[in-house]
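Reading through the structure tokens given below for one structure.
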Amino acid sequence: MSAKYRKKSNEVEAFKFYVDAFPDWFTNAVTENKVILHDCNYKKSFKVPRCEIKTLEGNMVAHEGDYIIKDLNGELRPCKPDIFEAIYEEAGKLNLSTTIDIDLVVDKFFKKLEEKTRELQNPSQITINGSLSEVDMEELKSCGALTIKKP
């Protein structure tokens, strides 16, 4: 049987190779010979800057503009920009699509609540478990024929 899966969100550290400044953890990996730099002299050259990263799966190559990721275990690995940007977003930044989805869910909730309230002969049959903010309570009152008694 197949099912849909979502990637678990993990925070990683990353930078764009040969575009961004090397972070300390990357410089340390170079010093420890876990990363080998090739053609990275920052002079005009026909050779493309790249680095070899020693990983558990073997040596992997990153080119200029590729992301270098340091995962939760401290392992380094390269990632092409299009793949990186499809999977990761900068930590701490608000994902507006999430906010929009939440707003849609709240709107649907209040519309459904209003429909159910109209269907009931006695609106006092509705019970809401949990706590509501004053704004939520006012919104529920405006749904029509619904009275809310504060505890």
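Index from 1, following the sequence. None of the values given here were measured: they were computed from a predicted structure.
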Student check: side-chain heavy atoms of Phe17 and Ile53 closer than 4.5 Å: no
Distance in Å, Arg77 CZ paired with Lys70 NZ, rounded so as to fall on 0.5 Å steps: 13.0 Å
Non-hydrogen side-chain atoms of Tyr88 and Ile69 separated by less than 4.5 Å: yes
Pairwise distance CD(Glu75) to CD(Glu57) - rounded to 0.5 angstrom: 8.0 Å
Distance, nearest 0.5 Å, that separates SG of Cys51 from CZ of Phe26: 4.0 Å
Any Val35 side-chain heavy atom under 4.5 Å of Leu76 side chain: yes
Lys34: salt bridge (Lys or Arg N to Asp or Glu O under 4.0 Å) partners, not counting sequence neighbours: Glu32
Heavy-atom check, side chain of His38 versus side chain of Glu52, under 4.5 Å: yes
Exercise: identify the closest heavy-atom pair between Asn33 and Lys54: O-NZ, 3.1 Å
With sequence neighbours excluded, residues passing ring pair (Phe, Tyr, Trp, His ring centres under 6.0 Å) with Tyr67: Phe84
Interatomic spacing from CG in Leu37 to CZ in Phe22 - rounded to 0.5 Å: 5.5 Å
Under the salt bridge (Lys or Arg N to Asp or Glu O under 4.0 Å) test, residues paired with Lys80 that sit two or more places apart: Asp66
For Gly65 against Pro81, the heavy-atom pair lying closest together: O-CG, 3.2 Å
Gap separating the CE atom of Met60 from the CD1 atom of Ile68, nearest 0.5 angstrom: 10.5 Å
Minimum heavy-atom distance between Asp71 and Val12, given as atom pair plus value: CA-CG1, 4.1 Å
